[in-house]
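The next block holds one structure in the form of structure tokens; read it before the comments.
Here, residue 1 is the first one in the sequence, and each next residue gets the next number. We count ligands from 1, going down the list as the structure has it; atoms in each ligand are counted the same way. Just so it is clear, the structure is predicted and the values come from calculations on it, not from any experiment.
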Amino acid sequence: MLRWYRTILPPYIQNALNIPKAIPEWSSVPQHKIVKENYEEIASFHRDLFEKVAHKLFVLMSIILELPENYLSDAHAYDKRSDDHLRYMIYNVRTQEEWDKAQGYSKGGHTDFGSLTLLFSQHVAGLQIRTPENEWKWVKPVEGGITCNAADTLTFLTKGFIKSTVHRVVTPPKDQIDIARLGLLYFVRPGDSTIMKPVPSPLLDRLGLLTDEDKDTDAVAPTGTEYVRARVKDVHHKTVLTRRENTQFEFKGLKVENYYA
Ligand SMILES: O=C(O)CCC(=O)C(=O)O
Ligand SMILES: [Fe+2]
């Protein structure tokens with residue numbers, strides 16, 4: 001589970017350290033020395049992030065969806081087994097030529113795989129989001145702020161009512177190009193006990209978004225963990241990157257657009 005791994009870019013360009021949730025199920029996952037030495041602080045920060053930020057956002061969304069207010073938070077509960085993780089990610093200093101190479105794969109943007117991504121504000125610009133009008137906009141750093149991206153499993157659970165943010169990381173402005181860009185992110189994902197069926201929201205029903213199959217409590221669907229792992233495998237576990245812009249990824253009826261590689 002602990003992975004220094006390549007995301008969609010070559011390792012000289014970008015490295016990530018993933019730290020799974022601090023729950024007994026993941027206690028035997030090997031830890032990097034720096035994580036071991038600071039684990040108490042990391043573990044309480046991890047849980048706080050869920051309880052003080054993600055939980056509240058889920059409550060707001062549940063209220064909007066006219067569901068019991070803990071509905072979405074329970075579906076992503078911190079104590080339940082799921083592949084949530086904190087990620088330290090560094091974009092090493094690179095030349096314009098290296099940025100160009102990397103952006104060949106990332107310029108179309110992407111959506112995140114889980115339900116919510118919390119990104120701690122940092123001062124090296126790079127993150128952009130795509131507006132509904134298909135324009136790219138810089139995400140401005142907000143001192144002490146957290147940028148929150150809605151992601152694909154939340155889109156599935158709400159039948160597209162909450163839409164994944166399409167985003168990308170581009171070359172920082174000229175005066176920041178020689179500064180390494182270190183980010184801290186928290187990925188919230190549905191786990192083993194969350195079945196990937198649309199939520200029974202009266203609002204979604206009134207909007208005509210729920211089909212008879214969506215409302216059939218006996219209909220079979222993958223768990224959050226199954227879906228997320230299939231998606232991770234499709235994007236990250238490869239030795240050769242192939243262009244997949246304008247294609248779709250589909251797993252057991254759950255479909256998303258590939259905007260990049
Ligand atoms: O580094 C960033 O600002 C965003 C990274 C990102 O989009 C991701 O890891 O999914
Ligand atoms: Fe992302």
Hey, do the aromatic rings of [X] and [Y] have their centres closer than 6.0 Å?
| X | Y | answer |
| --- | --- | --- |
| Tyr186 | His46 | yes |
| Tyr259 | His110 | no |
| Phe113 | Tyr227 | no |

With heavy atoms only and a cut-off of under 4.0 Å, state how [X] meets ligand 1: side chain, backbone, both or neither.
| X | value |
| --- | --- |
| Leu119 | side chain |
| Asn149 | neither |
| Met89 | side chain |

Problem - Polar contact flag, side-chain donor to acceptor under 3.5 angstrom, Ser115-His76 - result: yes

Handout entry: Residue pair Asp192 / Thr223, side-chain donor-acceptor N/O under 3.5 Å
Key = no

Problem - ligand 1 contacted by Arg87 (non-hydrogen, < 4.0 Å) - result: yes

Handout entry: Non-hydrogen atom of Arg168 closer than 4.0 Å to ligand 1
Key = no

Element-labelled atoms of ligand 1 that are located less than 4.0 Å from some non-hydrogen atom of [X]:
| X | answer |
| --- | --- |
| Asp112 | 10 (O) |
| Arg181 | 1 (O), 2 (C), 3 (O) |
| Tyr91 | 1 (O), 2 (C), 5 (C) |
| Val169 | 1 (O), 2 (C), 3 (O), 4 (C) |

Practice task
Could you tell me whether some N/O pair between Gln122 and ligand 1 is separated by less than 3.5 angstrom?
Solution key: no

Exercise for the section: State whether Glu25 and Lys80 are salt-bridged, where the test is any N-O pair (Lys NZ or Arg NE/NH1/NH2 against Asp/Glu carboxylate O) under 4.0 Å. Expected result: no

Problem - Presence of salt bridge, Lys21 and Asp83, under 4.0 angstrom - result: no

Problem - Between CG on residue Leu209 and CG on residue Asp214, distance to nearest 0.5 Å - result: 9.0 Å

Handout entry: CZ-CG distance between Arg189 and Asp152, expressed to the nearest 0.5 angstrom
Key = 10.5 Å

Handout entry: For Asp74, salt bridge (charged side-chain N to carboxylate O under 4.0 Å, His left out) partners two or more places apart
Key = none

Practice task
Check which protein N, O or S atoms are less than 2.8 Å from the Fe ion (ligand 2) and report how many there are.
Solution key: 3

Problem - Parallel, tilted or perpendicular, as decided by the 30° and 60° cut-offs, for the rings of Phe50 and Tyr78 - result: tilted

